[in-house]
Amino acid sequence: MTSLPALRTGKPRSEFGHVRPTKELEIPFAIIEGAEEGPCLLVTAGVHGSEFCSIEATVRLMKTKPEEIKGTLIVLPILNVEAFYRRKIYIMPQDGKNLNRMFPGKPDGTTSEQLAHWLVTEVFPKADAYIDCHGGDLNEGLAPFTIFPSGCEKSKALAAAFGIRVAVAAGGSGYSVDASHKLGVPSILPEASGNGLWGEATVTQMTDGVRRVMQHIGMLPGEAPITALDVVTMWVPTALVTGLWYPQKDLGDRVAVGELLGEIKTVFGETLASIHCEKAGFILYRLTSLSVNENEALLGVGTPA
Ligand SMILES: [Zn+2]
């Protein structure tokens with residue numbers, strides 16, 4: 001099966017299985033169709049295979065009962081299955097590329113490009129709204145935030161319903177929710193928990209957020225409380241050299257322009273690079289591993305938009 005099963009059959013059901021976007025990929029899915037017609041919400045996780053909190057949250061969402069909802073819920077809980085089982089960070093092991101930089105993908109490209117293309121052509125167009133769940137990878141600490149495509153008010157409204165106060169307005173392209181937004185499907189990318197941890201509080205934060213979005217779009221009864229968002233943009237300094245990373249700031253710390261954010265040193269203690277703050281704001285996430293490689297992100301600074 002290279003496509004998801006038909007969505008609107010008119011019969012309430014929970015359907016589970018695996019779909020083959022390419023010859024070498026097999027990914028799990030769940031489709032929950034309610035008794036009444038309504039919107040279609042797509043929820044994905046595991047674009048980054050070791051962001052376990054978001055994966056466990058979507059595994060739980062697959063247990064949603066057809067009688068609970070109006071419309072259809074599509075859940076793809078682990079897009080990057082190989083990275084999940086091999087506990088790889090950032091990339092798809094098949095081609096070494098970050099799936100969340102590959103959108104809209106290529107039909108004849110490498111594995112991650114083909115998977116992105118399949119999502120953009122086969123899956124995103126079926127949805128009325130899209131949530132791509134993420135979190136801090138095995139090597140990243142993170143304070144929760146929701147990314148939405150800059151300038152898209154409908155996506156921003158989904159972020160306000162999801163309920164995380166900090167919202168990052170993201171420009172650029174290549175990432176899942178931008179590709180979806182460009183097809184006219186409002187989309188958000190919530191990030192919760194870090195270092196691959198999947199504690200009860202953060203998993204529940206993710207599932208509760210998805211349920212509030214389901215209320216917001218009319219799939220679940222009740223009105224979602226709307227969170228007043230602190231909208232920021234994100235500045236991400238990267239490592240200019242490989243070495244040992246010594247951050248100077250904690251998650252949530254306020255930082256001013258010119259402040260020392262951290263240093264990269266040799267194993268003998270010689271300083272190779274000092275990273276100074278270029279945009280005032282606060283720390284949204286940071287690399288927590290002692291090792292750092294050239295070109296890797298060191299931290300994210302949220303700057304009031
Ligand atoms: Zn991620």
Side-chain angles (χ1 to χ4, degrees), residues 27 42-59 61 75-103 105 111-113 115-116 119 124 130-149 155 158-159 162 164 166-181 187-199 202-203 205-207 209-210 232 234 236 238 251 283-289 292-293 295-302:
I27 60 174
L42 169 66
V43 185
T44 61
V47 162
H48 298 129
S50 296
E51 294 173 0
F52 299 126
C53 174
S54 53
I55 291 170
E56 171 59 13
T58 55
V59 164
L61 280 168
V75 184
L76 302 174
I78 315 175
L79 286 174
N80 186 350
V81 174
E82 183 94 355
F84 174 73
Y85 285 109
R86 290 172 61 180
R87 305 186 196 95
K88 293 287 179 191
I89 59 168
Y90 303 144
I91 54 135
M92 290 195 75
Q94 292 94 332
D95 61 9
K97 292 180 177 174
N98 183 341
L99 175 59
N100 212 26
R101 302 289 180 275
M102 293 301 125
F103 288 88
T111 306
S112 55
E113 289 168 331
L115 178 56
L119 288 162
F124 293 173
Y130 173 35
I131 305 174
D132 184 23
C133 301
H134 284 248
D137 223 318
L138 288 176
N139 57 331
E140 289 169 347
L142 182 143
F145 56 88
T146 304
I147 295 174
F148 69 96
S155 299
L158 294 182
F162 193 92
I164 295 174
V166 177
V168 177
S173 58
Y175 56 101
S176 59
V177 298
D178 175 69
S180 169
H181 153 65
S187 309
I188 53 171
L189 191 159
E191 304 242 18
S193 193
N195 295 113
L197 297 170
W198 53 287
T202 45
V203 171
Q205 180 177 27
M206 208 45 112
T207 52
V210 173
V232 300
M234 188 148 57
V236 180
T238 52
L251 293 177
I283 306 291
L284 286 174
Y285 78 89
R286 66 171 200 183
L287 186 67
T288 53
S289 70
V292 64
N293 299 290
N295 293 326
E296 283 178 349
L298 292 167
L299 42 82
V301 177

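Whatever order the structure lists them in is the order used to number ligands and atoms, beginning at 1.
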Are T238 and N295 close enough that a side-chain donor and a side-chain acceptor fall under 3.5 Å? no
In H134, what N, O or S atom is nearest to the Zn ion (ligand 1), if we give its atom name? ND1
Without hydrogens or angle criteria, can the side chains of S112 and D95 be said to hold a donor-acceptor pair below 3.5 Å? yes
State the atom name: nearest N, O or S atom of H48 to the Zn ion (ligand 1). ND1
Side-chain touch H48/N98, heavy atoms, less than 4.5 angstrom: yes
Is the Zn ion (ligand 1) less than 2.8 Å from an N/O/S atom of E51, whether that atom is in the backbone or a side chain? yes
Using distance only, find each side-chain donor-acceptor pair of residues 136-145 under 3.5 Å and give its atom names and separation, not counting sequence neighbours.
residue: D137; atom: OD2; partner: Y90; partner atom: N; Å: 3.1
residue: N139; atom: ND2; partner: Y90; partner atom: OH; Å: 2.9
residue: E140; atom: OE1; partner: D137; partner atom: N; Å: 3.1

